[in-house]
Amino acid sequence: MTPQFDAIIVGAGFGGMGAAIALAELGLTNVTILEREDDLGGTWHVNHYPGLAVDIASVTYSYSFAPNPYWSRLFAPGAELKRYAEHVAERYDLRRSMRFGVVVERAEWDDAAQQWVVTTADGETLRGRFLVTATGFLSQPYTPDFPGIEEFAGKIIHTTRWDDTHDFAGERAAIIGTGATAVQLIPEIAARADDLTVFQRTPIWVVPKIDFAIPRFVQRLFARIPRTQRAARTVNNAILEAIMVVGVLHFRQAKAVNRIAAAVARAHLRVSVRDRATRRALTPHYDFGCKRPTFSNKYFRTFNRPNTRLQTSSIERFTTDAVITADGTRTPIDTLVLATGFNLWDVNFPALQIIGREGRDLGAWWRTNRFQAYEGITVPRFPNLLSLNSPYSYSGLSYFTTIESQMAHMQRLLTELERRGAATFEVTDEANSTFLDDVTEKLGDSVFYGGQCSTSRSYYFNQHGEAALLRPTSTSASFAAASTFPVSDYQFS
Ligand code: NAP
């Protein structure tokens, strides 16, 4: 049976769009991109809370082959990222392949027909030769089940479902969470609401954000002489690489670098927050890098405002109009903001049910064995599947380095498939095990295992305590592997 599509891509964020561009370069243009949301852009479409901006300088946080010379700031605001996604979709004519509001529930490999059968929540069935899942790492919002929350009569807003019409003026607001999202949002709510209580369970490392508007003449220079922007990207990449490789991945060998980063963050806290007890409460009790650190010049200072309070006692329950904490404090509130992040390890990985050869269920297999994927992209018994958001796939600090090395892997693999005139690829068990052993060994040097991370509650760790999200290599090593991996690591048939 001829499949309807060369490839079915799930997700119209930067990962899915990158995959579509890589496939088109190979001549595979009969592609459908299925997206759960009502427009493209992934996280940059879903998130539009006030204060949203990238935390990786924009010269780096973009496709290297589609630079945008017109970023307004060093760290562009979220809305510019959304516009950039639209621009890329237009430039590569991707919109015509996209369908929105389509929730993919299941994908099953049909071994007889050698194709993927994808089922949507509406009961539609699609068939494709290749399946690419690009469903994101942080795409399944997490809402804790606080006792009594269903009784709370005020307004509740999760940061991924921001209500742009909501006016905090005159309100008593509360926010739960102090992750990267909350760090951006807290100063904005504090400036609007009468009163803000921040419920913190785990403090976060925050370093100063060196941000500024990019002058028009620099934007014009980047547009006229693209080499200048490439040079800026190279310099920024080198800085990020040093932070990640030296400070995080080679923690055992270079503890001093990690300690310097922590000292910078501590000094930032000391000069920003006046009250000593608040400072102490905001000081992390785990090593820098165990959990993704954030950048902000406004976050700490917000705790000096008379209308902003930090509450570190744990939340016991909600009443119709208040939060009750373990220390007996009752905090009356009108609006509750949930900056409680995402569920990676229970409901993502994968974000839909995927059944491969011999009936192997990817989610069940990952949970009962170890989380694993060869080069963070393919899995044994899953022919013709490219799973972009896999364990050990995230390389470096900018998601675009991951996307582009996966595009390179995909192109090398599919070019070889074509050269052999084969119909399917499947990674061998041996290659997959060797890769898992290699990343496991390398991670032994990282802050995740060599540092003190036990109290960090970091989503880098899965339910078995393994730091199975990040690939423990430099981004240049990831790129090199993506374009030179032995093709004998795959079986072609
Ligand atoms: P997050 O880092 O997972 O933070 C969630 C917060 O909610 C944590 O402080 C967590 O506390 C708290 N929380 C969860 N359950 C709780 C409970 N039952 N009781 C009390 N507190 C609870 O999520 P996020 O802030 O949305 O950020 C996720 C990632 O998105 C970031 O690491 C970053 O990679 C990315 N991001 C990037 C940008 C950017 O580029 N500018 C902006 C925002 C986010 P615990 O720590 O104690 O669990």
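These figures come from a predicted structure and were not determined experimentally. Order of listing sets the numbers, starting from 1, for every ligand and every atom in it.
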With sequence neighbours excluded, residues passing side chain to side chain contact (heavy atoms under 4.5 Å, CB included) with N462: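 For N462 the side chain to side chain contact (heavy atoms under 4.5 Å, CB included) partners, ignoring immediate neighbours, are W345, F371, H464, E466, A468.
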
Non-neighbouring partners of P147 that pass side chain to side chain contact (heavy atoms under 4.5 Å, CB included), sequence neighbours left out: R317

Note: R161-E37 ion pair, threshold 4.0 Å (strictly below):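 So R161 pairs with E37 through a salt bridge.
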
Every residue of the protein that comes under 4.0 Å of ligand 1, judged on heavy atoms: Y49, A53, V54, D55, L138, Y142, P144, F146, I176, G177, T178, G179, A180, T181, Q184, R201, T202, K291, R292, A339, T340, G341, F342, R457, Y459

Partners meeting ring pair (Phe, Tyr, Trp, His ring centres under 6.0 Å) with H48 (sequence neighbours left out):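 Ring pair (Phe, Tyr, Trp, His ring centres under 6.0 Å) list for H48, sorted by chain: empty.
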
Atom CZ of R216 with >12 non-hydrogen neighbours under 6.0 angstrom: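 12 or below, so no.
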
Whether F318 and F146 hold their rings parallel, tilted or perpendicular, with breakpoints at 30° and 60°: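 The rings of F318 and F146 sit tilted, inter-plane angle from 30° to 60°.
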
